[in-house]
Amino acid sequence: MAAPDDDIKPDAPAAGTSAGAGGLLARPLPEGYRAEWARHIAAPRRETEAAQASAAKVLIFRLGREWLALPAGLVTEITEPRRSHSLPHRRDRLVRGIVNVRGELLVKVALGELLGTAEASDGERGTGFARLVVIGDAERRRVAFEADEVHGLHRCMEAELRPLPATVERAGSRFTDALIDWQGHAVGRLDGPALLDALGRGLA
Amino acid sequence: MLFLTFRIGKDRYVLDARQVEEVLPLVAAKALPGAPAGIAGLISYHGQPVPLLDLALLATGQPVAEVMSSRIILLRYPEAGEGAALLALAAEEVIATVQRAPSDFVPTGVEAGMPAYLGPVAADADGLLQWVKAPALLTDDIRAILFRPADTASGEVRP
């Protein structure tokens with residue numbers, strides 16, 4: 001049982017906004033509007049719910065010159081780069097040191113060393129900011145690496161995936177399972193579990 | 001209960017929002033020559049043909065104004081025995097929804113002689129809202145033409 005006042009109050013602002021929007025929306029339809037929308041509505045649905053479900057989300061980031069993608073499920077945190085504490089008596093190129101991420105001490109690795117990606121020269125650096133990305137899953141140890149730029153999450157459809165060219169012979173390609181066509185770049189999608197396994201072996 | 005408001009002529013009407021599948025822009029329709037009054041044609045909704053009923057044409061004889069706020073309301077049309085069919089309604093000022101209790105709506109007192117789709121009315125600050133009862137929008141003969149089962153719609157004349 002609503003009091004009469006309660007009925008009017010929610011309507012009053014709505015009436016005001018609809019009057020304002022109504023003024024804007026009272027414009028006549030542009031030429032070709034109806035025909036263009038008719039074509040759009042008539043087209044088959046572009047992505048069905050099943051396709052949405054099968055689409056995998058990936059995190060797209062840049063290491064040196066190369067854009068790479070990691071399954072979004074493996075990424076636990078993206079944060080500001082911070083000072084890493086070097087580890088004495090560890091002179092390998094993979095381990096860069098220990099970083100403190102909200103109280104948790106994580107090994108920071110140089111992912112580019114494992115993948116063999118080319119370092120960008122100064123002239124080629126993008127406008128993005130470096131980010132510390134923490135990856136890991138339930139079974140494997142979490143590790144951090146520094147990306148030169150993080151684009152963000154991307155939902156990649158099956159149609160955007162390209163098989164790897166047969167001639168790719170770089171060491172890093174053993175972790176790349178497909179290429180994603182993204183904004184004109186061929187982005188290598190990394191095989192997350194294989195990469196984490198390799199990192200785990202490298203750290204042991 | 002949520003209602004979608006729209007306008008026919010100068011007056012405001014509401015539809016039960018639960019019956020609304022989608023609100024579309026005013027798309028061009030394929031004309032249906034010889035269709036009953038108010039039927040503006042057919043639109044293709046992702047390949048599915050949906051009859052378009054122009055509410056302004058039905059009620060006032062004038063088609064909806066070709067302005068941005070005129071839109072097409074895609075309604076799930078209850079169809080006895082065959083699940084739900086879709087019906088497209090072209091109306092003006094389809095730009096807002098309103099939350100009202102069904103008990104706010106009271107009979108108009110002039111039901112006799114009015115079209116069957118016009119339901120009870122509710123008052124608000126701007127005047128009266130009239131509830132349009134979607135199932136009664138199409139008279140039986142129009143419904144028989146539009147949603148005729150496929151076997152009788154094949155065009156064959158039976159002896």
Side-chain angles (χ1 to χ4, degrees), chain A residues 1-57 153-161 180-183, chain B residues 1-7 12 14 21-31 40-50 52 63-72 74 86 88 90-106 122-129:
Chain A
M1 282 296 121
D5 277 359
D6 293 336
D7 283 343
I8 292 164
K9 269 180 201 152
D11 287 351
T17 51
S18 68
L24 268 179
L25 291 170
R27 286 173 295 150
L29 299 180
E31 183 112 0
Y33 176 90
R34 297 189 66 171
E36 189 182 332
W37 271 105
R39 275 197 300 279
H40 180 77
I41 301 294
R45 286 182 193 277
R46 204 173 303 154
E47 34 192 84
T48 59
E49 275 157 31
Q52 280 274 6
S54 74
K57 272 201 284 186
L153 292 180
H154 175 70
R155 188 183 287 278
C156 81
M157 300 290 159
E158 281 299 318
E160 293 174 330
L161 290 179
I180 301 169
D181 211 359
W182 172 76
Q183 293 185 3
Chain B
M1 200 169 154
L2 191 67
F3 293 93
L4 179 67
T5 67
F6 59 94
R7 226 172 244 277
R12 291 181 304 140
V14 295
E21 174 84 14
E22 193 174 342
V23 175
L24 304 174
L26 193 64
V27 304
K30 181 219 170 295
L42 275 180
I43 63 170
S44 166
Y45 179 65
H46 303 304
Q48 179 190 359
V50 177
L52 173 66
V64 291
E66 293 206 358
V67 295
M68 285 294 200
S69 59
S70 296
R71 288 180 180 153
I72 290 177
L74 204 60
L86 289 174
E92 296 174 356
E93 284 195 30
V94 190
I95 53 180
T97 54
V98 60
Q99 194 81 39
R100 297 299 296 248
S103 58
D104 291 347
F105 290 84
V106 294
D124 71 2
D126 295 332
L128 290 170
L129 291 169

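Labels below follow one simple rule: chain letters A, B, ... track the order of the sequence lines, proteins then strands, and each chain is numbered from 1. Bear in mind that the values here come from a model prediction, so they are computed numbers and not experimental data.
- Using a 4.5 Å cut-off between heavy atoms, Leu26(B) touches chain A through backbone and side chain atoms alike.
- Atom CD in Glu66(B) sits 11.0 Å away from atom OH in Tyr33(A) (nearest 0.5 Å).
- Only the side chain of Arg71(B) comes within less than 4.5 Å of a heavy atom of chain A; its backbone N, CA, C and O stay farther away.
- Looking at heavy atoms from C-beta onward, Arg27(A) lies out of side-chain contact with Val67(B) at the 4.5 angstrom threshold.
- When atom types are taken as modelled, the side chain of His46(B) and the backbone of Ala43(A) share a donor-acceptor pair closer than 3.5 angstrom.
- Between Arg34(A) and Val27(B), the closest heavy-atom pair is NH2-O, 3.2 Å.
- Distance NE2/His40(A) to CG/Leu24(B): 9.5 Å, rounded to 0.5 Å.
- The environment of CD in Glu22(B) is crowded: more than 12 heavy-atom neighbours from other residues, nucleotides or ligands sit within 6.0 Å.
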